[in-house]
Structures are given as C-alpha cells and as structure tokens.
Amino acid sequence: MTTSQPAGEWAPIYGEPYQPVPYRPARMPAEESLRNSADLRQRMEARRTVRMFSTEPVPEQVVLDAIATASTAPSGAHQQPWTFVLVEDPGLRKQIRAAAEEEERISYQGRLGEEWLSALRPLGTDADKPHLTDAPYLIVVFQQRYYLEEDGSTHKHYYVDESVGIAVGMLLTSLHVAGLAALTHTPSPMRFLGEVLDRPRNEKAFAVIPVGYPAEDCVVPDIRRKSLDQVLVRR
Ligand code: IYR
C-alpha cells in the first residue's frame with residue numbers, strides 16, 4: 001500500500017478551509033492493470049443475486065471488511081451519508097421477515113400493478129422472504145438524509161441516493177470477491193426497518209442485504225446480462 005488515510009475518527013469539517021495533501025500512488029504497470037481489470041471482470045460476471053441461502057455461518061471479518069470497503073465509496077461533499085446495521089439476532093430477523101412479508105403480500109396481491117408484476121415474473125420472486133431468517137447476516141443499509149448533531153441541529157447532505165448506491169455496489173463487489181452471496185432486497189415500504197432497528201429520524205432505509213452462502217439446492221433465474229456492446233457508446 002502506498003497511500004493511506006490518517007488514522008483517527010472522522011468528524012465533520014463543515015466550513016473548514018481547503019487543506020490539500022499530496023496523493024502520489026505508485027504507477028501500476030500496464031500488464032498489472034490488465035490482469036487486475038480482466039480478473040475482476042471475470043469474477044463479477046460470475047456474480048448472481050441469490051434468494052436461497054444456507055443457514056451456515058460465514059466469517060464475520062469478511063462482512064466487516066465488506067462494510068469498511070463500502071464506506072470507502074465517494075460521496076457528495078464527502079459526507080458519507082450511510083449507516084450499515086449488521087443484524088445477526090434471530091429475534092430481530094424474525095421480526096423483520098414478518099413485517100417485510102406483510103408488506104410484500106399486499107404488493108404482490110396487486111399494489112405493484114400488472115406491468116411491475118409482469119417485469120418480476122421471470123425472476124420468480126414472491127411475498128415469501130425466507131432469506132431474511134436463513135442468511136446468517138442481514139446488512140440493513142440506511143441513508144442519512146441529513147446530518148443530525150447530538151444537540152438536534154442538522155446539516156444538509158447532498159447526492160444521498162447516488163452516494164449510498166455507489167457504496168452498496170462496492171459492498172456487493174467485496175462480498176462477492178470474498179465468496180459470499182448476497183441479495184439486494186428492497187421491501188416496500190421500508191419504514192418499519194427504522195422502527196425495528198431503532199434508527200434516528202435522519203436515517204431512511206435504503207436496502208436490506210442478506211449475506212451468506214447459497215443454499216445447497218440454490219437455483220437462480222436463467223437470465224442474461226447485456227453485452228459490453230449493448231451498454232457502451234463511444235464517441
Ligand atoms: N420488493 C419486492 C418486489 C421486487 C421488486 C423489484 I424492482 C425486484 O427486482 C425484485 C422484487 C420483493 O422484494 O419481492
């Protein structure tokens with residue numbers, strides 16, 4: 001490692017002057033760049049979203065590393081507007097599953113509408129959410145819609161959706177390269193998550209991410225990804 005962050009706790013720096021420090025990462029030889037990018041591309045092409053989890057435990061440190069990696073994401077005004085709640089407690093997971101399934105039943109019974117239901121049909125999703133209690137961990141990602149000081153005063157946060165979306169992408173990448181499966185689950189509405197997990201009023205649930213190993217009999221939908229040609233436009 002050639003550069004690293006100074007050790008210590010982060011604290012807000014609103015209004016402080018610009019104080020740049022040198023950033024001189026060693027130049028990576030082109031062959032190494034190619035090897036690394038091709039290797040990551042190949043690994044990521046093998047990633048699948050999993051909805052059938054084994055209850056087998058996974059190494060806790062891998063999950064902590066993934067959350068720490070996610071928290072390296074760039075963010076609007078470097079405000080890092082995210083909180084990751086790592087839920088292991090079986091009682092809490094049961095509560096989350098019951099509340100999610102209650103909402104999802106209403107959704108699948110018609111709230112989503114025919115167009116949405118038909119978009120979901122090839123994915124085989126339904127209102128049953130066994131992954132919420134089977135997977136050994138749930139990572140519930142919250143967006144901090146604004147910064148909340150202890151005295152109750154607030155500061156605006158910027159580009160919160162974008163920032164948290166990038167962080168979740170990095171989280172999923174880290175889990176995948178460490179051999180763990182995950183699901184980006186967005187129960188809707190998600191308000192119950194803030195209540196069950198006792199989060200402050202500035203935090204809004206963004207996604208629930210069950211993490212674990214795929215079940216032995218895990219199946220996934222037979223779907224294809226867009227090719228590079230289909231997503232790349234060159235000018
Ligand atoms: N939240 C529901 C429905 C759902 C919506 C989308 I968009 C998906 O890609 C998958 C599911 C559920 O979790 O089942």
Side-chain angles (χ1 to χ4, degrees), residues 44-55 63 66 70 82-143 145 160-176 180-197 199 203-215 217-227 230-231:
M44 295 315 292
E45 279 169 358
R47 187 195 62 80
R48 293 300 310 257
T49 287
V50 157
R51 293 186 170 79
M52 299 166 72
F53 286 87
S54 162
T55 57
V63 177
W82 42 66
T83 302
F84 301 88
V85 180
L86 183 58
V87 188
E88 261 190 283
D89 180 77
L92 273 179
R93 286 188 295 150
K94 235 167 115 174
Q95 237 179 302
I96 291 171
R97 178 176 173 183
E101 288 182 334
E102 197 178 313
E103 292 293 352
E104 296 294 1
R105 267 190 284 278
I106 303 169
S107 295
Y108 281 91
Q109 278 164 14
R111 177 164 59 187
L112 296 180
E114 197 35 53
E115 183 169 4
W116 195 342
L117 288 172
S118 105
L120 292 179
R121 205 156 290 131
L123 303 179
T125 60
D126 59 30
D128 291 335
K129 302 299 176 194
H131 43 261
L132 294 175
T133 48
D134 286 347
Y137 290 109
L138 302 181
I139 302 173
V140 186
V141 184
F142 286 86
Q143 336 176 274
R145 300 300 308 172
V160 173
D161 288 330
E162 292 83 350
S163 304
V164 178
I166 295 167
V168 167
M170 293 172 62
L171 178 75
L172 297 175
T173 303
S174 175
L175 292 168
H176 174 70
L180 298 188
L183 166 64
T184 315
H185 177 47
T186 51
S188 172
M190 288 202 270
R191 183 180 289 279
F192 70 89
L193 289 164
E195 290 159 14
V196 172
L197 299 172
R199 299 312 305 154
E203 292 189 8
K204 185 173 169 226
F206 182 80
V208 181
I209 305 182
V211 176
Y213 296 115
D217 60 351
C218 179
V219 291
V220 294
D222 187 14
I223 50 182
R224 303 274 171 275
R225 292 199 171 98
K226 291 179 178 177
S227 66
Q230 289 175 293
V231 300

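Note that ligands are numbered from 1 as they come in the structure, with each ligand's atoms numbered from 1 the same way.
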- Residues lining ligand 1 [heavy-atom distance under 4.0 Å, listed by chain and residue number]: E104, Y108, W116, L120, D126, K129, H185, T186

Please examine the side chains of [Y] and [X], heavy atoms only from C-beta on, and report whether any two atoms are closer than 4.5 Å.
{"X": "R145", "Y": "D161", "answer": "yes"}
{"X": "F142", "Y": "L193", "answer": "yes"}
{"X": "F192", "Y": "I96", "answer": "yes"}
{"X": "I223", "Y": "R48", "answer": "yes"}

- Query: Between R191 and E195, is the closest basic N to carboxylate O distance under 4.0 Å?
  - Reply: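 Here E195 does not pair with R191 in a salt bridge, since their nearest N and O are not under 4.0 Å apart.
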
- Message: So for atom CD, which belongs to E102, do other residues, nucleotides or ligands contribute more than 12 heavy atoms lying within a distance under 6.0 Å?
- Response: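 For E102, atom CD is not crowded (no more than 12 foreign heavy atoms under 6.0 Å).
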
